[in-house]
Amino acid sequence: MPEGHTIRRYADRHRAVLAGRQVAASSPQGRFAAGARRLDGRELLDVEAHGKHLFYRWRRAETLHIHLGLYGKFRLFRSDPPPPTPATRLALAADEVTIYLAGPTVCELIMPSQEDAIMARLGPDPLKVDTDGNSPEAFAANLARRRIPIGAAILDQSVIAGIGNIYRAESLFLTSIHPEIPANEVPADKVAALWDTSVELLERGVSEGRIATLPRVPLGTTEETDRLYVYKRERFPCRVCGSPISTGQMAGRGIWWCNTCQSA
DNA sequence: GCTGCATGATGAA
DNA sequence: TCATCCTGCAGCA
């Protein structure tokens, strides 16, 4: 489930198990064979996440840049890993830990200048608030420059990094913003609330390991699988006001909202 | 066993 | 706006 929270969890996990170690690298699938050979035996120094991008830094090797896209997945085994599937693009191993990567959109070695270019086209990451330019002001400035609907703007990773289709629908619902309002016409207090909500939701996603936006259920209560307000809930009434949930397409993806709770 | 879909992004048209 | 990249899995036969 690769929105920003998943990527941050991968970064933290991979740093914890591999940083400071000599890492064996290979590409069972073969499509990253040259890169894996280059990394094989190097010491991993750090793993950084920004939005949906991962950067692995090594002693005496280029940075490994990974973007999971829609399908990409990591699998981590503590010991006795199964043989890699033929689709495994990259295998990393150190001590008793083995990590397999399959289906990424991007898996490449990059120079510092390329890394700078990637960072330059990414907006602020709510999970890095208070570091560098990851501020609500940067987010507000990015929105002020766009006339596209707010629902399209926050999927644009150069506006805000790490928001995906679920967080887009849920954060707009929680801030009562109708997705079709032009980004530059959203009132300043709503923009601030949208940033704060993004920080809260993503941080909760990191700690829980999944996207949940409803209030936590009391201990001992049966939990429903769907912990969302509007995403893919067009067959249900709004949890807050009971009106039907609306759905449509925006920026090429499905979007869901409540016409009553989210004012135009 | 097969089909269609998915929490993403890009490049062509 | 659409096709494409490319993998896993839910849902269905």
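As a basis for the values below, the full set of heavy atoms in this structure was taken, side chains included, without hydrogen atoms, waters or symmetry mates. Worth saying up front: this structure is predicted, and the values here are computed from it rather than measured. So you know, we letter chains A, B, ... as the sequences are listed, proteins then strands, and number each from 1.
- At whole-Å resolution of the value, CG in A:Leu228 and P in B:dT7 are 12 Å apart.
- With respect to A:Arg9 and A:Asp12, no salt bridge is recorded, no charged nitrogen being found less than 4.0 Å from a carboxylate O.
- OP1 and OP2 of B:dG8 both lie 4.0 Å or more from every side-chain N or O belonging to A:His67.
- C:dA3 and B:dG4: their P atoms are spaced 15 Å apart (whole Å).
- Both A:Leu143 and A:Ile181 are part of a single hydrophobic cluster, where members link through side-chain heavy atoms under 4.5 Å apart.
- With respect to A:Lys128 and A:Glu48, a salt bridge is recorded, a charged nitrogen being found less than 4.0 Å from a carboxylate O.
- Although no hydrogens or angles enter the test, the distance criterion places no donor-acceptor pair under 3.5 Å between the side chain of A:Glu170 and the main chain of A:Tyr167.
- Pair assignment for C:dG11: B:dC2, on the basis of Watson-Crick or G-U wobble contacts that are both within less than 3.5 Å.
- Partner A:Glu203 forms a side-chain contact (heavy atoms from CB on, under 4.5 Å) with one of A:Val206, A:Val199, A:Leu201 and no other, that one being A:Val199.
- Among B:dA9, B:dT10, B:dT7, the nucleotide with an atom closest to any side-chain atom of A:Arg121 is B:dT10.
- One atom, OH of A:Tyr231, and another, P of B:dC5, lie 13 Å apart when rounded to the nearest Å.
- A straight line from OH of A:Tyr71 to C1' of B:dA9 spans 11 Å, rounded to a whole angstrom.
- For the side-chain contact (heavy atoms from CB on, under 4.5 Å) criterion with A:Thr63, the lone passing option out of A:Ile110, A:Leu54, A:Leu45, A:Leu109 is A:Ile110.
- Distance, A:Lys73 NZ to B:dG8 C1': 12 Å, rounded to whole Å.
- Separating the CE atom of A:Met250 from the C1' atom of B:dG8 is a distance of 18 Å, rounded to the nearest angstrom.
- A distance of about 22 Å separates the C1' atoms of B:dT10 and C:dG8, rounded to the whole Å.
- Nearest-nucleotide positions on DNA chain C place A:Pro104 closer to the 5' end than the other of A:Pro104 and A:Arg75.
- The side chain to side chain donor-acceptor pair (under 3.5 Å) analysis of residues 116-126 of chain A, with sequence neighbours excluded, yields no pairs.
- Note on A:Gln249: nothing from the nucleic acid sits closer than 4.0 angstrom, heavy atoms only.
- Protein chain A contacts DNA chain C over a range whose 5' and 3' limits, counting nucleotides with an atom under 4.0 angstrom from a non-hydrogen atom, are C:dC5 to C:dC9.
- Of the options A:Val159, A:Val191, A:Asp156, a side-chain contact (heavy atoms from CB on, under 4.5 Å) to A:Asn142 is made by A:Val159 and by none of the others.
- A chain of hydrophobic side-chain contacts below 4.5 Å, direct or via other Ile, Leu, Val, Met, Phe, Trp or Tyr residues, connects A:Phe173 to A:Ile160.
- In the region residues 156-176 of chain A, proximity to DNA chain B at under 4.0 angstrom, judged on heavy atoms, holds for A:Gln157, A:Gly164, A:Asn165, A:Ile166.
- Between the P atom of B:dT7 and the NE2 atom of A:His53 lies a distance of 17 Å, rounded to the nearest Å.
- Protein atom CG of A:Leu68 is 19 Å distant from nucleotide atom P of B:dA6, rounded to whole Å.
- A:Tyr100 has its ring centre less than 6.0 Å from the ring centre of A:Phe77.
- The nearest whole Å value for the distance from the CG atom in A:Leu155 to the C1' atom in B:dT7 is 10 Å.
- With P as the reference atom, C:dC2 and B:dC5 are 15 Å apart, rounded to whole Å.
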